[in-house]
Amino acid sequence: MTDLHTMRHSAAHVMAQAIKELYPNAQFAFGPETEDGFYYDVKIPDGALKQEDLGKIEKLMQRIQKAKKPFEQAEISREQALELFKAQEFKIKALNGLLKDSATLTTYTQDGFTDLCRGPHVENTGQIGAFSIDRIAGSYWLGDSKNESLQRVYGLCFATRDELKEYKTMLEEARKRDHRETGKKLDLFSFHDEGPGFVFWHAKGLKVFNMLLDHIRSLYSKQGAQEIKTPEVLSVELWHQSGHYENYRDSMYFTTVEDREYAVKPMNCPGAILTYKTALRSFRDLPLRLMEMGHVHRFELSGVLHGLFRARAFTQDDGHLFCAPEQIEEEISLFVDAVMSTYKVFGFDDITIYIATRPEHSMGTEEIWETATNALKVPLDKKGIPYKIKEGEGAFYGPKIEFNVKDCIKRNWQLGTIQVDFAMPERFELEYVGSDGNRHRPVMLHRAILGSLERFLGIYIEHVSGNFPVWLAPVQVMLLPVTDNQNGYCGELSQILADAGIRAEVDFAGERVNKKIRNAQMVKVPYMLIIGEKEAGAKNLSVRLRTGETVNEIPVERFVSAVKGLAASRAAALWDEPLAPPQRTEA
RNA sequence: GCCGGUGUAGCUCAGGGGUAGAGCAACUGAUUCGUAAUCAGUAGGCCCGGGGUUCAAUUCCCCGCACCGGCUCCA
């Protein structure tokens with residue numbers, strides 16, 4: 001069997017050959033394999049590759065593949081290499097840069113096309129499996145934005161046609177789940193030219209957002225955190241003191257009034273710190289757990305904006321905790337529990353934890369770093385929760401834990417974090433009075449369960465593909481009168497549901513039930529109540545679930561208690577007992 | 001920010017040097033219907049913005065802006 005990595009690597013060479021046939025002057029940089037195929041960074045001296053070229057490249061590649069041309073390896077000296085690739089500027093740069101210590105080099109040749117490469121490769125081009133040229137994008141020489149920009153041609157490559165097809169189906173699935181599309185379809189939010197990168201929450205989207213907000217609030221509250229709210233615009237001097245100005249002024253928004261300069265907050269911690277400093281704290285006050293649903297603004301480069309995933313203003317569930325060093329461990333322990341159980345509520349069961357340790361440039365003594373890093377590890381060890389170490393990837397001001405989840409199409413997302421911070425207490429000269437009567441410096445912990453609520457909602461929308469569970473659904477119940485004769489009764493019913501705290505709407509459109517069902521399905525309402533003569537007479541309900549299943553002859557009180565129960569328990573299920581199979585389902 | 005692409009009705013998209021079309025949605029009328037689209041009609045457009053070429057630009061060229069795919073970045 002041919003190894004997939006080798007196959008992909010070889011496919012990159014074949015693609016380069018095909019590109020060279022189309023553009024003889026093409027300059028090639030690097031062409032490695034990726035998680036789903038391969039790419040090659042190229043420069044076309046007079047012009048650029050176009051979308052239309054991809055089909056041509058693919059056809060050429062298929063021709064080369066069919067011809068089963070052998071890959072031939074050769075060892076050459078530096079001098080030979082410099083001569084051989086003299087027309088390839090990036091190969092020359094590589095030879096004089098990354099490869100400057102190699103006395104001999106390896107080349108691979110297939111079908112008259114030679115590339116500098118360590119290998120290994122498949123025996124012949126017939127062995128490269130199923131591929132397709134996927135897309136074209138920008139990149140930089142050596143990945144540095146200061147360098148010349150190149151074009152990156154991506155290809156997918158798998159051992160078999162079926163695997164390639166399956167992977168493409170998965171990509172298509174991801175595309176269909178795109179939260180930006182769902183946001184439009186379900187009337188949740190919008191973006192506008194007038195405020196690029198800023199979310200406009202519509203009534204339905206804000207409903208979901210606020211439910212989420214309440215949920216997170218109650219979690220923090222259970223942990224003994226007190227919610228505060230600090231200003232969005234604060235004097236620029238504060239940001240000098242915190243160090244944010246120095247490091248992040250390029251991504252901050254500024255404004256000047258009455259000759260004094262202010263910045264829109266990019267973080268919430270200085271606000272929490274000023275709050276801490278309003279009193280002389282005692283060791284009895286610690287740990288002092290503050291938290292803020294802080295709305296922060298960060299100027300992001302136009303090219304990186306991406307719906308809710310990357311916006312220029314967002315809401316952080318930002319906890320700030322002030323404690324003595326020996327209290328860190330207990331706090332971490334509490335927090336880890338909260339995070340793990342929170343993610344499970346949302347159906348994120350695959351959680352990976354990283355501990356990021358001391359980087360080269362950092363502040364604080366070796367002992368305090370060790371104490372803090374151990375304080376992060378010990379609770380995880382005690383709970384038997386596995387974690388990985390990211391060596392030297394902590395912040396300069398302290399180590400941190402990062403929580404990652406995998407969504408239902410296997411994409412990885414970093415959500416929560418808890419960071420130990422020695423820097424801020426120092427910069428702001430925070431103190432508390434210890435039992436010894438002396439003043440001590442507290443340690444600060446920054447923590448977030450979801451990070452950005454906006455981003456989390458984007459991830460979650462894609463995770464459930466817009467099918468919110470009962471507790472989060474902006475409209476929980478849609479009442480569908482079969483004819484106009486039931487309109488009045490539906491109005492009364494929806495009032496009963498509203499009084500019970502259930503979010504219900506009536507579809508009064510002069511349409512057939514089929515159409516009303518379709519419309520409700522399209523916006524993914526969990527419950528549809530079909531109200532005809534029968535139901536109006538018997539005062540019972542015919543319930544159609546979003547999943548296509550039905551439960552009939554349900555007394556109103558029974559329905560109300562089921563929905564309320566499922567919402568209160570934040571269940572993913574739509575009914576509280578076994579169901580008859582669906583009559584019909586459609587994606 | 002950089003590279004490439006896109007920008008036409010509320011939405012999804014077609015079209016193309018002689019100022020525009022479809023489906024859905026909206027509105028009106030008819031239909032009163034039982035678990036994913038009833039029928040007919042009406043209305044709807046500074047063809048992203050600004051320059052240029054041309055007798056004539058929504059179409060071609062240049063410059064912006066926004067969005068999409070990446071790269072870089074993400075305290």
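Below, read A as the first sequence line, B as the second, and so on, with proteins coming before strands; counting in each chain starts at 1. As the structure is a computational prediction, the values presented were derived from the model and not from experiment.
- The gap from the C1' atom of B:G5 to that of B:A43 amounts to 34 Å, rounded to the nearest Å.
- Heavy-atom nearest nucleotides on RNA chain B were determined for A:G195 and for A:L150, and the one closer to the 5' end corresponds to A:L150.
- Pair check for B:C55 finds B:G18; Watson-Crick or G-U wobble, both atom distances under 3.5 Å.
- Under the Watson-Crick or G-U wobble criterion, with both distances below 3.5 Å, B:G69 is paired with B:C3.
- For the OP1/OP2 pair of B:A37 and a distance below 4.0 Å, the side-chain nitrogens and oxygens of A:N514 include at least one atom meeting the criterion.
- Among the protein residues, A:G303 comes within range of the nucleic acid bases, having at least one heavy atom under 4.0 Å from a base atom.
- Using a 4.0 Å cut-off, no side-chain N or O of A:Y527 falls inside it from OP1 or OP2 of B:U35.
- Note on ring orientation: taking the six-membered ring where Trp is involved, the planes of A:Y460 and A:F456 are parallel (angle under 30°, cut-offs 30° and 60°).
- Using a 4.0 Å heavy-atom criterion, one finds that A:K50 contacts the sugar-phosphate atoms exclusively.
- Checking B:U72, B:G69, B:U38 against every side-chain atom of A:Y140, the shortest atom distance belongs to B:U72.
- When distances are taken from the side chain of A:R512 to each of B:C3, B:U38, B:G1, the shortest belongs to B:U38.
- With ring centers used as reference points, A:Y276 lies 6.0 Å or more from A:F428.
- Taking every side-chain heavy atom of A:D193 into account, B:A66 is the closest of B:A36, B:C74, B:A66.
- Note on A:E535: a base of the nucleic acid sits closer than 4.0 angstrom, heavy atoms only.
- Distances from the side chain of A:K534 to the nucleotides B:G34, B:G69, B:A75 place B:G34 closest.
- Taking atom OH of residue A:Y154 and atom C1' of nucleotide B:G5, one finds them 15 Å apart after rounding to whole Å.
- At whole-Å resolution of the value, CG in A:D144 and P in B:U72 are 10 Å apart.
- To the nearest angstrom, C1' of B:A75 lies 15 Å from CD of A:E393.
- No close placement of the A:F314 and A:H295 rings is indicated, their centers lying 6.0 Å or farther apart.
- Between the P atom of B:G69 and the OH atom of A:Y39 lies a distance of 19 Å, rounded to the nearest Å.
- Under a 3.5 Å cut-off, the side chain of A:Q476 and the backbone N or O of A:P526 do not form any donor-acceptor pair.
- Across B:U32, B:A75, B:G1, the shortest atom-to-atom separation from the side chain of A:P266 is found for B:A75.
- Within the 4.0 angstrom heavy-atom criterion, base atoms lie near A:V304.
- With P as the reference atom, B:G69 and B:C55 are 42 Å apart, rounded to whole Å.
- Distance from the side chain of A:I530 is smallest to B:U35 among B:G4, B:A37, B:U35.
- A:T483 comes within 4.0 angstrom of a nucleotide base, judged by non-hydrogen atoms across all strands.
- Comparing B:G64 with B:A9, their P atoms are spaced 24 Å from each other, to the whole Å.
- Atom name P, nucleotides B:G17 and B:C74: the rounded distance is 47 Å, in whole Å.
- The base of B:C74 is not paired with the side chain of A:R312 by any donor and acceptor separated by under 3.5 Å.
- Comparing B:C68, B:C71, B:A75 against the side chain of A:R180 picks out B:C68 as the nearest.
- The aromatic rings of A:H306 and A:H179 sit tilted, their planes meeting at an angle between 30° and 60°.
- Candidate nucleotides B:C33, B:U72, B:A75 were compared by shortest atom distance to the side chain of A:L301, and B:U72 ranks first.
- For A:S302 and B:G1, the shortest distance from a side-chain N or O to OP1 or OP2 is below 4.0 Å.
- Among the heavy atoms of the strands, none lies under 4.0 Å from A:F191.
- For A:K184, a side-chain nitrogen or oxygen approaches OP1 or OP2 of B:U12 to under 4.0 Å.
- Regarding A:E194, its CD atom lies at a distance of 13 Å from the P atom of B:G49, rounded to whole Å.
- Across all strands, A:R455 comes closer than 4.0 Å to no nucleic acid atom at all (heavy-atom distances).
- As judged by a 4.0 angstrom heavy-atom cut-off over every strand, A:G243 is placed among residues making no nucleic acid contact.
- The base of B:U32 lies outside donor-acceptor range of the side chain of A:N485, with no N or O pair under 3.5 Å.
- For the C1' atoms, the distance from B:U32 to B:C47 is 42 Å, rounded to whole Å.
- Heavy atoms of A:H306 sit under 4.0 angstrom from primed sugar atoms or phosphate atoms, though from no base atom.
- Taking the six-membered ring for Trp and thresholds of 30 and 60 degrees, A:W141 and A:F30 have nearly parallel ring planes, at less than 30 degrees apart.
- For B:G29 and B:U19, the P atoms lie 36 Å apart once the distance is rounded to whole Å.
- Spacing between B:A20 and B:C2 at atom P, rounded to whole Å, works out to 37 Å.
- Remark: C1' of B:U72 and CH2 of A:W141 are 16 Å apart, rounded to the nearest angstrom.
- Proximity of A:K43 to the phosphate of B:G4: no side-chain N or O atom is located under 4.0 Å from OP1 or OP2.
- At whole-Å resolution of the value, CZ in A:R249 and P in B:A75 are 18 Å apart.
- B:G21 and B:G34 have their C1' atoms separated by 38 Å, with the value rounded to a whole Å.
- A:Y397 comes within contact range of the sugar-phosphate backbone alone, with a heavy-atom separation under 4.0 Å but no base atom that close.
- Of the nucleotides present, none pairs with B:C33 by Watson-Crick or G-U wobble criteria with both distances under 3.5 Å.
- Using a distance-only test at 3.5 Å, with no hydrogens or angles considered, a donor-acceptor pair links the side chain of A:R8 to the main chain of A:E35.
- Using a distance-only test at 3.5 Å, with no hydrogens or angles considered, a donor-acceptor pair links the side chain of A:Q88 to the main chain of A:F28.
- Under 4.0 Å is where a charged nitrogen must lie from a carboxylate oxygen, and between A:E577 and A:R558 at least one such pair does.
- One finds no side-chain N or O of A:R135 lying less than 4.0 angstrom from the OP1 or OP2 phosphate oxygen of B:G5.
- Using the Watson-Crick or G-U wobble rule with both distances under 3.5 Å, B:G10 pairs with B:C24.
- Ranking B:U35, B:U38, B:A66 by closeness to the A:E511 side chain, first place goes to B:U38.
- Heavy atoms of A:R152 sit under 4.0 angstrom from primed sugar atoms or phosphate atoms, though from no base atom.
- With RNA chain B read from its 5' end, the first of the two nearest nucleotides for A:D484 and A:M252 is the one closest to A:D484.
- Counting to the nearest Å, the C1' atom of B:A36 and the CE atom of A:M522 are 9 Å from each other.
- Pairing for B:G45 is absent, judged as Watson-Crick or G-U wobble with the two contacts each under 3.5 Å.
- Taking every side-chain heavy atom of A:I517 into account, B:U35 is the closest of B:A37, B:G69, B:U35.
- None of A:F38, A:F131, A:Y167 except one satisfies the ring-ring contact (aromatic ring centres under 6.0 Å, His included) rule with A:F158; the exception is A:Y167.
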